[in-house]
Amino acid sequence: MSGVNEIRSSFLDYFKKNDHEVVASSPLVPRNDPTLMFTNAGMVQFKNAFTGLEQRPYSTAATSQKCVRAGGKHNDLDNVGYTARHHTFFEMLGNFSFGDYFKDRAIELAWNLLTKEFGINKDRLLVTVYHTDDEAFELWRKIAGISADRIIRIPTNDNFWAMGDTGPCGPCSEIFYDHGDHIWGGPPGSADEDGDRFIEIWNLVFMQFEQVTPDKRVDLPRPSIDTGMGLERIAALLQGQHDNYDIDLFRRLITASEDATGVAAEGKARVSHRVIADHLRSSAFLIADGVLPDKEGRGYVLRRIMRRAMRHAQLLGADEPLMYRLLPTLVAEMGRAYPELQRAESMISETMKLEETRFRKTLERGLGLLDEASAGLGEGDRLDGETAFKLYDTYGFPLDLTQDALRPRGVDVDTDAFKAAMERQKAEARKHWAGSGDAATESIWFEVKDKVGATDFLGYDTESAEGVI
Ligand code: ATP
Ligand code: MG
Ligand code: MG
Ligand code: MG
């Protein structure tokens, strides 16, 4: 059985053998795009190479890219712990062609890797194409020999990718693996597609048009290829697992978490261990790339992730900071592939310890309040917005932490009332200041208050559509 580290290498070696330049992962904080919160796909570092703004010394490339999807348009935070296939941090394996090869070669390369090199049973694979993309449909028939009933035409934007409102765009084709009918879920395009039976492993984007204005689209003179495959998902397949959290890497992280807490990953504790293992990775990699917990922006997303992990540590009964104790296991597993993790290890460790120590007391008190306030609530009920706001404002509970805490009981939060409470508090504060006569101090105070109060509690929705495949 190949471990994650070998699978990453064999992916890169395969593309190297097929004339691709192996390029290092770019950092999680995108250098070239202030509108994008975190790098969330392999193509992010190549955006300008696709548009032709930047010339690279190669026309084809392959990467294993660090990605975080915990804010903005692609936010998988709420899925973590519950689905078999989502992480906040994951590695996206990808191959790219900048005006070099196109659909036929991209399909051939992907198919050969999966079925020949990796030996995946092709009868378990299904593909989707954009509903009007007859060319891709025929190529799948011809190159892969897939029968027509296993090629699903999808009419939605799930199978049409665009860099933004204007710029390169084109249809995509996704490869799915059927884990069998003992798992709930339907094929792509069906009503039950969100289940975990059919798992999407690889997305091939065929950049063939340029959107010039909202209603004018022209053919790109040199079409390009952008693909992305989740390393953890392909590893699960190759290791005979259905669930990403059962791959070698996650098993070791979860075992470390079990050892440190003395609680087995069974029953209710299972979700907590999964969340902790996942959030350990995103927190550590974000800190290694220079993000620190903060009241707003990227730092606030990091804080939300860390605090959510801390609540799960608390659920497991950990009465000492936990995350930093698991860090050595992560560094041992991933530090060779990502030396920045080794370099930043002591800084990450200190940051985790500090954040966890600081939050511990208010976490306990906040959870006490939450228990009281939600005592009578059950499936379908909602926690009032005032309580959620008090938890946020006084106890430092990000809204999603409160939501996550109530989720197992099927209880929701009245988010409109939460927002209203926040607005009310701001207005109230302004009223108290009115008439103090010192306009200059007042405006500075409000600037600060707005900045701090306007924390990114509902996500970062200024993110552009860019960089998302
Ligand atoms: P899904 O529909 O399962 O959420 P996606 O369509 O959002 O996936 P893409 O944007 O197409 O994913 O990203 C390319 C590949 O990256 C996916 O095919 C999948 O293998 C992997 N991937 C995407 N999101 C995640 C995640 N949150 N955790 C792990 N792997 C992911
Ligand atoms: Mg998704
Ligand atoms: Mg998808
Ligand atoms: Mg996809």
Side-chain angles (χ1 to χ4, degrees), residues 4 7-8 11 25 28 36 38-44 63-96 106 110 113-114 118 120 125-130 152 154 156-163 170-179 185-190 192-207 225-238 241-247 249-250 274-275 277-279 281-282 285 305 463 465-469:
V4 166
I7 296 168
R8 184 192 306 108
F11 177 91
S25 173
L28 284 168
L36 184 66
F38 299 121
T39 300
N40 55 11
M43 64 79 62
V44 170
T63 59
S64 174
Q65 175 65 50
K66 301 182 280 188
C67 293
V68 166
R69 292 191 175 183
K73 204 172 90 152
H74 276 252
N75 185 355
D76 288 330
L77 189 59
D78 293 336
N79 289 325
V80 168
Y82 302 97
T83 74
R85 67 185 202 278
H86 287 107
H87 307 292
T88 53
F89 171 95
F90 65 99
E91 289 178 72
M92 195 185 282
L93 303 169
N95 58 292
F96 307 91
L113 177 65
L114 295 179
F118 288 164
I120 292 171
L125 296 170
L126 278 87
V127 299
T128 61
V129 295
Y130 190 54
I152 303 168
I154 303 277
T156 64
N157 277 350
D158 270 356
N159 279 63
F160 195 89
W161 178 88
M163 198 178 271
C172 48
S173 191
E174 298 191 319
I175 307 175
F176 286 74
Y177 185 84
D178 179 1
H179 281 269
S190 72
D192 299 334
E193 69 174 347
D194 285 336
D196 275 335
R197 172 174 167 185
F198 294 87
I199 291 202
E200 174 187 330
I201 47 176
W202 205 343
N203 189 355
L204 315 182
V205 179
F206 310 130
M207 278 185 216
I225 291 292
D226 155 29
T227 85
M229 167 160 68
L231 172 61
E232 301 78 2
R233 294 191 191 179
I234 187 68
L237 259 187
L238 298 179
Q241 300 294 340
H242 165 245
D243 194 311
N244 281 14
Y245 292 84
D246 286 328
I247 64 176
L249 165 66
F250 271 99
R274 289 156 75 98
V275 171
D278 174 87
H279 290 14
R281 294 212 305 166
S282 42
F285 274 95
I305 294 172
E463 186 188 348
E466 299 179 49
V468 173
I469 70 168

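If you're wondering where the values come from, they're calculated on a predicted model, not measured in any experiment. Each ligand, and each atom within it, is numbered from 1 in the order the structure gives. Just the heavy atoms: all of them, side chains too, but no hydrogens, waters or symmetry mates, feed the values below.
- A donor-acceptor pair is defined here as one N or O able to donate and one able to accept, closer than 3.5 Å; such a pair exists between the side chain of T128 and the backbone of E174.
- Shown are F118, F11, W202; of these, the side chain to side chain contact (heavy atoms under 4.5 Å, CB included) with I234 is made only by F118.
- Counting atoms of ligand 1 from 1 in the listed order, those under 4.0 Å from a heavy atom of D76 are 24 (N), 26 (C), 27 (N).
- Every atom of ligand 1 with a heavy atom of G228 under 4.0 Å away is listed here by number and element: 14 (C), 15 (C), 18 (O).
- R233 contributes no side-chain N or O that, together with a main-chain N or O of I201, makes up a donor-acceptor pair within less than 3.5 Å.
- Every atom of ligand 1 is numbered from 1 in the order shown, and the set under 4.0 Å from a heavy atom of N203 is 11 (O).
- The proximity of R233 to ligand 1, defined as any non-hydrogen pair under 4.0 Å, is limited to the side chain.
- Residue R69 touches ligand 1 through its side chain alone, judged by heavy-atom distances below 4.0 Å.
- Without hydrogens or angle criteria, D196 side chain to A84 main chain gives a donor-acceptor distance under 3.5 Å.
- Taking a cut-off of under 4.0 Å to the non-hydrogen atoms of R85, the atoms of ligand 1 that pass are 3 (O), 28 (N), 29 (C), 30 (N).
- Backbone and side-chain nitrogen or oxygen atoms of H87 are examined, and one is located within less than 3.5 angstrom of a nitrogen or oxygen of ligand 1.
- Close contacts between ligand 1 and I201 involve ligand atoms 18 (O), 20 (O) [criterion: under 4.0 Å to a heavy atom].
- Those atoms of ligand 1 that come under 4.0 Å of a heavy atom in W202, given as number and element, are 18 (O).
- Inclusion of E174 in the first shell of the Mg ion (ligand 4) is supported: an N, O or S atom falls under 2.8 Å.
- Ring geometry for Y130 against F160 counts as tilted: the plane angle lies between 30° and 60°, on a 0 to 90° scale.
- A cation-pi arrangement is absent between R281 and F89, since the terminal nitrogen or guanidinium carbon is not both under 6.0 Å from the aromatic centre and inside a 45° cone about the axis.
- Within the 4.0 Å heavy-atom criterion, the part of E174 lying near ligand 1 is the side chain and not the backbone.
- Side-chain N or O atoms of D278 include one that pairs as donor or acceptor with a backbone N or O of T88 at under 3.5 Å.
- In this structure a side-chain-to-backbone donor-acceptor pair under 3.5 Å is present from T227 to N95.
- Short contacts between ligand 1 and M92, defined as distances under 4.0 Å to a heavy atom of the residue, involve ligand atoms 13 (O), 14 (C), 16 (O).
- Using a distance-only test at 3.5 Å, with no hydrogens or angles considered, no donor-acceptor pair links the side chain of H279 to the main chain of V80.
- Note on E200: its N/O/S atom closest to the Mg ion (ligand 4) is OE2.
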